[in-house]
Amino acid sequence: MRITTSMMNETAKRTGIPINQNSLLSYINQEESSGNSLLDALGKNTGADGAWSQDYKKLEKAAENLGSYAEKLAVSGEDSFYDKMRAGEETPEVYDTVGDLVEAYNDTVRRLEQSSGALNTYYRQMLEQTAQQNKDALEKVGITINKDGTLAVDTEKLKAASADDLEAVFGAESTFTTRTGFIAGRVSDNARAGMESIAGQYSASGDLVSQVTSKYNFRS
């Protein structure tokens, strides 16, 4: 069973990610009070040059990779890495996929840190918080959190981890994988919206805010 958008949304609700318009706007208002107005950031981005567009493009790609690897790991049943391991099959691809996920996670976190705007700051904080909340489970399979919020992999410890421990942190019921995949999708959406604003497809920053925040209202 593959992870689905509805599963990610439900997990997001359980784990405290604001996914409706009002809660997201509350965060934005808090940022505005500290001088980090989303409208100001988008207004600046609208007039940015090609370098901004390339930054958005790289961020979108990093986030898409992160979501893809999270989805690949979040599979249950006979097609999952974990059941194959329990059946005694050789599954070296699970270690490669975990390594790819960590690399994509680090790339996304670094690019978010280098990007301006309240939403990018918010998404980076959510990714880092997700890792911190799963710190013990991650360490059990050889993944530690660096001081800058990125992740590091002890390959030997990862390969020595049991199928149960790997599934606990990366499987379909994993808060880490599901929440990370959810956030990655939102990062990708926001980066794409930034590129579109630069291309002149939005006449005003207010239109872009409406486009981004509308993604969080799953009740409609």
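Only this structure's heavy atoms are used, side chains among them; waters, hydrogens and symmetry mates stay out.
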Take the angle between the ring planes of Phe176 and Phe170 and call it parallel below 30°, perpendicular above 60°, tilted in between. perpendicular
Where is the tightest heavy-atom contact between [X] and [Y], given as atom of each residue plus distance?
X: Thr130; Y: Thr175; value: CG2-O, 4.4 Å
X: Asp107; Y: Ala62; value: OD2-CB, 3.4 Å
X: Ile143; Y: Val98; value: CD1-CG1, 3.9 Å
X: Ala152; Y: Asn146; value: CB-OD1, 3.8 Å
X: Leu73; Y: Tyr82; value: O-OH, 2.7 Å
X: Ala131; Y: Leu138; value: O-CD1, 3.7 Å

Only one of Asp55, Thr121, Asn120 passes side chain to side chain contact (heavy atoms under 4.5 Å, CB included) with Ser115, and that residue is Asn120
The side chain to side chain contact (heavy atoms under 4.5 Å, CB included) partner of Leu112 among Leu127, Asn190, Leu119 is Leu127
Distance, nearest 0.5 Å, that separates [atom1] of [X] from [atom2] of [Y]:
X: Leu151; Y: Leu101; atom1: CG; atom2: CG; answer: 8.0 Å
X: Ile183; Y: Gln129; atom1: CD1; atom2: CD; answer: 8.0 Å
X: Thr180; Y: Tyr69; atom1: OG1; atom2: OH; answer: 15.0 Å
X: Glu71; Y: Leu66; atom1: CD; atom2: CG; answer: 12.0 Å
X: Thr150; Y: Glu113; atom1: OG1; atom2: CD; answer: 9.5 Å

| task | Without swapping roles, check the side chain of Lys157 against the backbone of Glu139 for a donor-acceptor pair under 3.5 Å. | result | yes
Notebook entry, point to check: Has the side chain of Ser188 got a donor or acceptor atom that lies under 3.5 Å from a matching backbone atom of Gly185?
Noted result: no
Exercise. If you measure only the distance, is there a donor-acceptor pair under 3.5 Å linking the side chains of Gln114 and Arg124?
Worked result: no
(Q) Does Thr97 form a side-chain contact (heavy atoms from CB on, under 4.5 Å) with Phe81? I'd like the steps, not just the answer. (A) CA-CA 10 Å; Thr97 306; Phe81 293 124; 4.0 Å; yes
For residues 79-105, the salt bridge (Lys or Arg N to Asp or Glu O under 4.0 Å) pairs (sequence neighbours left out) are Asp83-Arg86, Arg86-Asp164, Arg86-Glu167
Tell me, with the steps shown, if Val141 and Val153 meet side-chain contact (heavy atoms from CB on, under 4.5 Å). CA-CA 9 Å; Val141 297; Val153 183; over 6 Å; no
Show your working on side-chain contact (heavy atoms from CB on, under 4.5 Å) between Ile145 and Lys135 and close with a plain yes or no. CA-CA 7 Å; Ile145 303 172; Lys135 182 179 179 181; 4.2 Å; yes
Ala191 meets the side chain to side chain contact (heavy atoms under 4.5 Å, CB included) criterion, sequence neighbours left out, with Tyr56, Leu59, Glu60
_Taking the side chain as everything from C-beta on, heavy atoms only, tell me whether Val169 gets closer than 4.5 Å to Lys140._
no
Test salt bridge (Lys or Arg N to Asp or Glu O under 4.0 Å), reference Glu64, set Lys57, Arg192, Arg186, output is Arg192
